[in-house]
Amino acid sequence: MKAIIRSRAAGAGLAVLAILAAAGNAAAAGLVPRSLGPTTSTVVTIEKNYAAGTIVIVSGNRTLDLVISEGRAIRYKIGVGRDGFRWSGTVKVGRKAEWPDWRPPAEMKARSTGLPDLVPAGPLNPLGARGIYLYKGGADTLYRIHGTNEQSTVGGFASSGCFRMSNADVIDLYERVKVGSTVIVK
């Protein structure tokens, strides 16, 4: 029995070493980001009055506004869905996660064969530093406001419907937004 436990522990240790080696190789190849990216937030005046804490996303402008008071919001630069993947509506923040795992939805896996079932949290995870999960009617929409390790996609039309921010910006937003907050996507 002790030999089996030692064997399993050795196998687990080898798996950890393989993951660390892959991360080291990715870092050496320049794939792991060296920073959290830029901070793009600025306080702006908004015309329509929304309740403080509301998030307003204007996909055409590639901006996300977090309302902080009557007529004022913190505006962030974001990446949005590419052609055929943009959407609009009103949802809620259903949950939040720091350094989330990523499980590609079935539809995405059907479009891009070879995607893994799970990408664990870390510097190679496409959700970046934080994930803000969007729900409608109590159900997960599978859309997220999240960080990214591909900074070049922020400000563009690049995602499959999620909203990408620099890791620095999503960490700031994550600290400010509450579960249950309204998210309006235009």
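The first residue of the sequence shown is numbered 1, and numbering continues consecutively from there. Quantities reported herein were computed from a predicted structural model and do not represent experimental measurements.
- For the pair K96 (side chain) and V177 (backbone), a donor-acceptor distance under 3.5 Å is present.
- Here the CD1-CZ distance, from I46 to R75, works out to 8.0 Å after rounding to the nearest 0.5 Å.
- A donor-acceptor contact shorter than 3.5 Å links the side chain of T148 to the backbone of E150.
- In this structure, W99 has its ring center no closer than 6.0 Å to that of Y174.
- Side-chain atoms of R111 and S160 form a donor-acceptor pair, as typed in the model, at a separation below 3.5 Å.
- Between F163 and W87, the ring planes lie tilted relative to each other; the angle falls in the 30° to 60° range.
- Judged by the 6.0 Å and 45° rule, R144 forms no cation-pi pair with Y133.
- The backbone N or O of C162 sits less than 3.5 Å from a side-chain atom of S159, completing a donor-acceptor pair.
- Residues K92 and T182 have side chains that bring a donor and an acceptor to within less than 3.5 angstrom of each other.
- D140 places a side-chain N or O within donor-acceptor distance of the main-chain N or O of L142, the cut-off being under 3.5 Å.
- Inter-residue side-chain proximity for V56 and Y50 is flagged as met; some heavy-atom pair is nearer than 4.5 Å.
- No side-chain donor-acceptor contact under 3.5 Å links R62 to the backbone of I78.
- Counting heavy atoms from C-beta on, the side chains of I68 and V43 come closer than 4.5 Å.
- No donor-acceptor pair under 3.5 Å is formed between the side chain of D65 and the backbone N or O of A73.
- When atom types are taken as modelled, the side chain of K136 and the backbone of T90 share a donor-acceptor pair closer than 3.5 angstrom.
- V44 has its side chain out of reach of R72: every pair of non-hydrogen atoms, C-beta onward, lies at least 4.5 Å apart.
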For this session: Evaluate the criterion side chain to side chain contact (heavy atoms under 4.5 Å, CB included) for residue pair S181 and V179; output intermediate values, then yes/no.
Result: CA-CA 6 Å; S181 296; V179 170; over 6 Å; no

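- A side-chain donor from one of N149 and N167 sits under 3.5 Å from a side-chain acceptor of the other.
- Here the side chain of S88 pairs no donor or acceptor atom with the backbone of K186 at under 3.5 angstrom.
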For this session: Could you walk me through whether V93 and K178 pass side chain to side chain contact (heavy atoms under 4.5 Å, CB included), step by step?
Result: CA-CA 7 Å; V93 172; K178 300 196 180 341; over 6 Å; no

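- Judged purely by atom type and a 3.5 angstrom limit, S166 uses its side chain to pair as donor or acceptor with the backbone of P38.
- One hydrophobic cluster, built from ILVMFWY side chains closer than 4.5 Å, cannot hold both V67 and I57; they sit in different ones.
- For S112 (side chain) and K109 (main-chain N/O), no donor-acceptor pair under 3.5 Å exists by modelled atom type.
- Here the side chains of P126 and V119 are in contact, with some heavy-atom distance below 4.5 Å.
- Side-chain atoms of T153 and R164 form a donor-acceptor pair, as typed in the model, at a separation below 3.5 Å.
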Exercise. Stepwise, does the side chain to side chain contact (heavy atoms under 4.5 Å, CB included) test hold for R103 with D117?
Worked result: CA-CA 6 Å; R103 297 177 191 283; D117 290 333; 5.8 Å; no

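- Both V183 and L64 sit in one connected hydrophobic cluster of ILVMFWY residues. Membership requires side-chain heavy atoms under 4.5 Å apart, directly or through other members.
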For this session: May I have the step-by-step check of side chain to side chain contact (heavy atoms under 4.5 Å, CB included) for F157 and R86, ending in yes or no?
Result: CA-CA 9 Å; F157 298 96; R86 287 187 290 281; 3.1 Å; yes

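- A side-chain contact (heavy atoms from CB on, under 4.5 Å) with I55 is found for exactly one of I145, V185, I184, namely I145.
- Contact detail for K77 and D169: the closest heavy-atom pair is O-OD2, 4.3 Å.
- Put simply, the side chain of Y76 reaches to within 4.5 Å of the side chain of L173, judged on heavy atoms.
- Using a 4.5 Å cut-off on side-chain heavy atoms (C-beta onward), H146 and I132 make no contact.
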